[in-house]
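Accompanying notes for the structure given below.
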Amino acid sequence: MSDQEIERRKSLEFLIQNNINPYPAEAYPVNVTAEEIKNNYDEQKNNYQDISIAGRMMSRRIMGKVSFIELQDHTGKIQVYIKRDTLCPGEDKSLYNTIFKKHFDIGDIIGVKGFVFITQTGEITIHATEIKMLAKAIRPLPIVKEKDGKVFDAFTDPEQRYRQRYLDLILNPKSRDVFIKRTKIVNSMRDFLNSKGYLEVETPILQPIYGGAAARPFVTHHNTLDIDLYLRIANELYLKRLIVGGLPAVYEFSKDFRNEGMDRFHNPEFTQMELYVAYKDYIWMMELVEQMVEYITKQLYGTTKVKVGENEIDFKAPWKRLTMYDAIKEFTGIDISNMNEDELRKTAKTLGIEVDETMGKGKLIDEIFGETVEPNLIQPTFIMDYPVEMSPLAKKHRSEPGLVERFEVIVNGKELANAYSELNDPIDQRKRFEEQLILAKRGDKEAMMLDEDFLQAIEYGMPPTAGLGIGIDRLTMLLTDSHSIQDVILFPQMKPDRTVFELNELVDKLQEAGVPSEWIKVFPQIGIKSLKALKNIKPGKLHQDLCGFNKKNKLNLTNPTLEEVEKWLEDLK
RNA sequence: GACCGAGUAGCUCAGCUGGUAGAGCAACAGACUCUUAAUCUGUGGGUCCAGGGUUCGAUUCCCUGCUCGGUCACCA
């Protein structure tokens with residue numbers, strides 16, 4: 001424990017001994033927020049003269065008989081003026097002199113009652129008539145200072161920001177803002193879809209057969225049924241079953257799981273919104289997508305223009321539409337629409353793209369597109385008509401052989417959404433699944449499984465349907481100008497910290513060996529933080545270290561005997 | 001998965017060619033009744049990520065590991 005933590009625990013004790021509950025149970029009535037005061041206070045009107053507010057004390061300037069603190073609630077910070085003789089009108093000044101000055105700390109959650117005024121330096125401030133401890137913080141908060149919009153000692157370490165998101169939310173208003181925006185984005189998307197009468201549904205996350213996308217799944221096990229289940233990689237096949245069932249339009253905000261690499265665009269669990277509408281096609285869906293995203297952007301910013309990195313992106317509909325072949329032609333000058341596999345391979349090579357013999361026609365086209373076109377599409381663009389080999393769930397193109405009716409939305413060089421005229425021909429669908437099975441046998445770990453139950457469903461007849469998947473994380477990244485997916489997911493996946501794991505393991509073993517808990521706490525402090533460290537230590541040295549630490553730090557613990565220490569080590573083996 | 005970079009006080013970071021560490025803020029003691037990165041005086045605080053090696057001696061050099069970041073690869 002650091003000196004500061006020890007000090008705070010002492011303060012905690014002091015409060016308790018002076019009949020001040022550091023964690024009171026009763027509600028604290030709040031009648032105003034920092035933002036409301038700052039926006040609406042008017043010296044002439046003399047409003048906000050009886051306010052009650054609660055929040056976290058973020059900084060403190062003590063000037064003898066007067067102090068200023070910054071109180072932060074969910075809307076922002078406001079300054080509070082604490083004057084000894086206002087707070088303690090009587091003889092007893094201990095609330096100010098002792099309780100507040102000595103035993104309140106930065107990070108404590110407090111309640112303040114008082115009236116608003118403007119200081120000599122012109123800052124809207126609450127003059128406190130009452131302060132109350134609502135929750136004592138016994139761990140010091142990182143200190144961030146600010147002057148004229150410049151931030152000093154900013155809390156920016158990505159590891160801490162993601163592992164301890166609560167600190168990020170307390171200390172970085174921008175981060176808090178991103179997550180508020182994320183919810184607004186989801187809400188306006190839901191409003192948009194509901195206004196059209198579409199039905200929001202829930203489908204299984206645990207699936208006996210995973211499908212609907214090309215990806216490796218997470219596997220889990222159901223004990224009672226004694227079967228393996230997969231965390232869904234998509235919900236497409238379930239939503240389509242609902243279309244078979246006669247629901248005309250269904251959608252779901254779907255947490256999906258993919259057991260693949262992680263980088264700034266990929267988190268193992270992520271969110272997609274999938275939508276299926278009967279009797280529509282992908283042409284119709286393009287209009288819906290551009291309208292929906294335009295609507296969301298307007299709701300969020302009041303404009304369709306958003307700055308993303310160096311670029312200003314305009315989401316105003318309609319968006320540019322290009323077929324995949326035309327897009328490649330536009331960016332390379334090469335028309336690949338009539339090329340066979342060999343010619344495609346040659347073309348790829350001349351463009352400096354690495355190819356190998358296992359790549360089929362579809363894969364080659366995708367590689368060429370990914371290298372030459374995708375990164376260059378900054379403004380929202382529909383890329384239409386993909387090779388059939390890459391899209392086992394999309395309907396064959398109405399006029400172009402070898403292609404399917406599929407589009408992707410590319411924004412800022414990245415895919416944002418993916419949509420098809422859905423394949424509803426059960427014979428063709430079975431054939432496509434079978435082709436996937438062949439790929440799987442050849443070792444493609446992402447090939448789709450044959451879903452017999454799904455095939456059965458569409459054999460009963462599925463109306464022609466347009467389907468869409470849109471990445472909520474990616475959309476949020478775009479609309480909040482976030483560099484990494486971890487900035488738009490509250491608790492992104494992180495590798496567990498090995499040292500924490502080892503420490504827990506050690507504590508468990510020490511408990512088993514009957515070491516008293518007050519002594520267990522000492523072990524890490526004398527440098528023993530893992531079982532490995534304990535194995536190499538001699539009982540005599542351990543005994544010396546423990547007793548020495550006790551004496552040096554005046555813990556006043558009863559020293560164990562050497563025999564006891566020997567027995568602990570014995571029991572650990 | 002490959003390569004590169006980072007890990008030092010509660011926080012943000014210095015620390016030269018190896019001699020066991022510094023600053024600001026925070027903390028503690030004191031002064032101060034309108035300050036605002038408050039100020040002024042004084043004090044305490046660190047297995048320099050972990051393990052191993054080279055060395056008389058390692059925070060520093062080398063190797064391995066852990067965690068994070070970046071780039072690329074894989075991947076929607």
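These numbers come from the heavy atoms of this one structure, side chains and all, not from hydrogens, waters or symmetry mates. Just so we're clear, the structure is a prediction, and the values are computed from it rather than from any experiment. Reminder, nothing fancy here: chain letters follow the sequence lines and each chain counts from 1.
Residue A:Ala154 is in sugar-phosphate contact alone, with no base atom involved, counting any heavy-atom pair closer than 4.0 Å across all strands shown. Contacts of A:Phe117 with the nucleic acid, taken as non-hydrogen atoms under 4.0 Å apart, include base atoms. No engagement by A:Arg9 is indicated, since no non-hydrogen atom pair under 4.0 Å with the nucleic acid exists. Counting non-hydrogen atoms under 4.0 angstrom, A:Gln79 reaches a base of the nucleic acid. When heavy atoms are screened at a 4.0 angstrom cut-off, A:Gln272 is found touching no nucleic acid atom at all. Base engagement by A:Ile62 is indicated by at least one non-hydrogen atom pair under 4.0 Å involving a base atom. A:Asp148 comes within 4.0 angstrom of no nucleic acid atom, judged by non-hydrogen atoms across all strands. Base contact: A:Asp263 has a heavy atom under 4.0 Å from a base atom. Base engagement by A:Glu408 is indicated by at least one non-hydrogen atom pair under 4.0 Å involving a base atom. The residue A:Glu7 sits close only to the backbone: its heavy atoms come under 4.0 Å of sugar-phosphate atoms, none of a base.
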- Verdict with supporting geometry, A:Phe104 and A:Arg60, side-chain contact (heavy atoms from CB on, under 4.5 Å): CA-CA 10 Å; A:Phe104 275 38; A:Arg60 184 159 72 153; 4.0 Å; yes

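Defined by atom type and a distance below 3.5 Å, a donor-acceptor pair is missing between the side-chain atoms of A:Glu35 and A:Thr75. Under 3.5 Å, the side chains of A:Asn418 and A:Arg406 contain a donor-acceptor pair of N or O atoms.
Ring stacking holds between A:Phe152 and B:rA37, with the centres under 5.5 Å apart and the planes within 30 degrees of each other.
Between B:rA9 and A:Gln4, no contact under 4.0 Å exists linking OP1 or OP2 to a side-chain N or O. Put simply, A:Lys102 has a side-chain N or O that comes within less than 4.0 Å of OP1 or OP2 on B:rG30. Under 4.0 angstrom from either OP1 or OP2 of B:rA38 there lies at least one side-chain N or O belonging to A:Arg61. Within the structure, every side-chain polar atom (N or O) of A:Lys145 is placed at least 4.0 Å from both OP1 and OP2 of B:rC25.
Residues A:Pro140 and A:Arg8 both approach RNA chain B. Their nearest nucleotides, taken by heavy-atom distance, put A:Pro140 toward the 5′ side. Looking at which nucleotide of RNA chain B each of A:His483 and A:Phe270 is closest to, the 5′-most match is held by A:His483.
In this structure B:rA2 sits in a base pair with B:rU71, meeting the Watson-Crick or G-U test at under 3.5 Å. With a 3.5 Å ceiling on both atom-pair distances, B:rA58 lacks any Watson-Crick or G-U wobble partner. Partner assigned to B:rA14 is none, using Watson-Crick or G-U wobble distances below 3.5 angstrom. Applying the Watson-Crick and G-U wobble criteria (two distances, each under 3.5 Å), B:rA29 pairs with B:rU41.
No more than 12 heavy atoms of other residues, nucleotides or ligands sit less than 6.0 Å from atom CZ of A:Arg216.
Both the sub-6.0 Å distance and the 45° axial angle are not jointly satisfied by A:Lys102 relative to the ring of A:Phe14.
The ring-ring contact (aromatic ring centres under 6.0 Å, His included) with A:His127 is formed by just one residue from the set A:Phe117, A:Phe68, A:Tyr48; it is A:Phe117.
One donor-acceptor pair, N or O on each side, does fall under 3.5 Å between the base of B:rG24 and the side chain of A:Asp153.
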